[in-house]
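Everything below concerns the one structure shown next.
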Amino acid sequence: MQQNKTDELNGLMPSPAVAQRLRHDARYGLAEQVAPGVLRVLADNAKDYTGAGTNTYIVGDDSVMIIDPGPDCPAHMAAVMRAVGTRPITGIFVTHTHQDHSPAARALKAVTGARTYGFGALSPDILALTDEDVDPDFEPDERLADGHCVGDGMWRLTALHTPGHFPNHLCYQLAHQGLLFSGDHVMGWSTTVVVPPLGNLADYMMSLGKLEAESARLMLPSHGPEVADPTGRIQAVRAHRLMRHDQIIDCLRRGIRDVDAIVAEIYVGLTPRLIDAAKGCVRAHLELIEKGGAAGEKPAYPVSRPNAPSATA
């Protein structure tokens, strides 16, 4: 249980206490510069999963791109438009279609006429498998595949497909500036929930390696503060997931196989909704164990993209 407390303090567990502190210090509706040419506007939608809320980023100088427009909240949209000012918006970029990320894209497009970008909507068949807070209506004007670039010069934005937390999740990179917009895949205040069937732990671990290979100098997540050491943060998140994997394997070896019982054994101090998230994460680990062989065997995690040095757990 001491490990739980340590990971909470290190921002590696969703913590109601940490979320409350972040909310207390939050500056909702105000544009803050987090990098040259990058403003952040924080939405007032603090929840168990979101920390203080959703970060919307305004990127550019004479014209701007908006990354993660956020929830359907008129006050947040007004704050974003104040930060944009009179500058034209060349694109609205969505990391994925959870309700705290994509809904505001429609309102911003209606006001500005800007085109929307994203990986694409999930099919109704997939949506029928989950009760997650999904935005079923967002369909981008332009679908982005992995490696697709938009813009030019120092404002050339590259899409990186990073499934694991969510099938249509994209991170965005400004390679010339060493900036990585990590969406929900790597957050600044907590680890990310991976809940089947839309979440997949093997994909998540592979996507972590993909982000690590980019060697960004600054990571800007959709929840929580900016991350000055992206590589260190990615490695800490990976280590936390491997630690959880070991804990679950240990439970199985001791005959603790029920998901509720495993959560009670290895998690402490969670709200009811976070308990549901923990159950989902345990299911993701069990799914990976089942695919990797007999229960109790620890599979090798792919942690790097193709043609990059690989590592195993």
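For the numbers below, each heavy atom of this structure counts, side chains included, while hydrogens, waters and symmetry mates do not. In this text the structure is predicted, and so the values were computed from the model without any measurement. All residue numbers refer to positions in the sequence shown, counting from 1.
With Y204 as the partner, the ring-ring contact (aromatic ring centres under 6.0 Å, His included) test is satisfied by one option alone out of H169, H185, H165: H185.
For N55 and H223, the side-chain atoms include no donor-acceptor pair closer than 3.5 Å. At a cut-off of 3.5 Å, with distance as the only test, a side-chain donor of T97 or N168 sits close to an acceptor on the other residue. Between the side chains of Q247 and R244, at least one donor N or O lies within less than 3.5 Å of an accepting N or O. Side-chain contact annotation: D184 with S222, donor-acceptor N/O pair under 3.5 Å absent.
We find that R273 and D133 are joined by a salt bridge, their nearest charged nitrogen and carboxylate oxygen being less than 4.0 Å apart. Salt bridge annotation for D146-K210: present, with a cationic side-chain nitrogen under 4.0 angstrom from a carboxylate oxygen. Comment: D229 does not engage R233 in a salt bridge, judged by the lack of any side-chain N to carboxylate O separation of less than 4.0 angstrom. By the 4.0 Å N-to-carboxylate-O rule, D62 lies too far from R87 to be salt-bridged with it.
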Report the C-alpha separation of V111 and M77 in whole Å, then their side-chain angles, then the decisive distance to 0.1 Å, and conclude whether the side-chain contact (heavy atoms from CB on, under 4.5 Å) test is met. CA-CA 10 Å; V111 170; M77 192 185 81; 3.9 Å; yes
If you apply the rule salt bridge (Lys or Arg N to Asp or Glu O under 4.0 Å), what do you find for D246 with R253, and how did you get there? CA-CA 11 Å; D246 286 341; R253 287 172 175 162; over 6 Å; no
If you apply the rule side-chain contact (heavy atoms from CB on, under 4.5 Å), what do you find for L220 with Y57, and how did you get there? CA-CA 9 Å; L220 300 171; Y57 294 100; 3.6 Å; yes
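The side-chain tip of R115 does not point at the ring of F93 from less than 6.0 angstrom away and within 45° of straight on.
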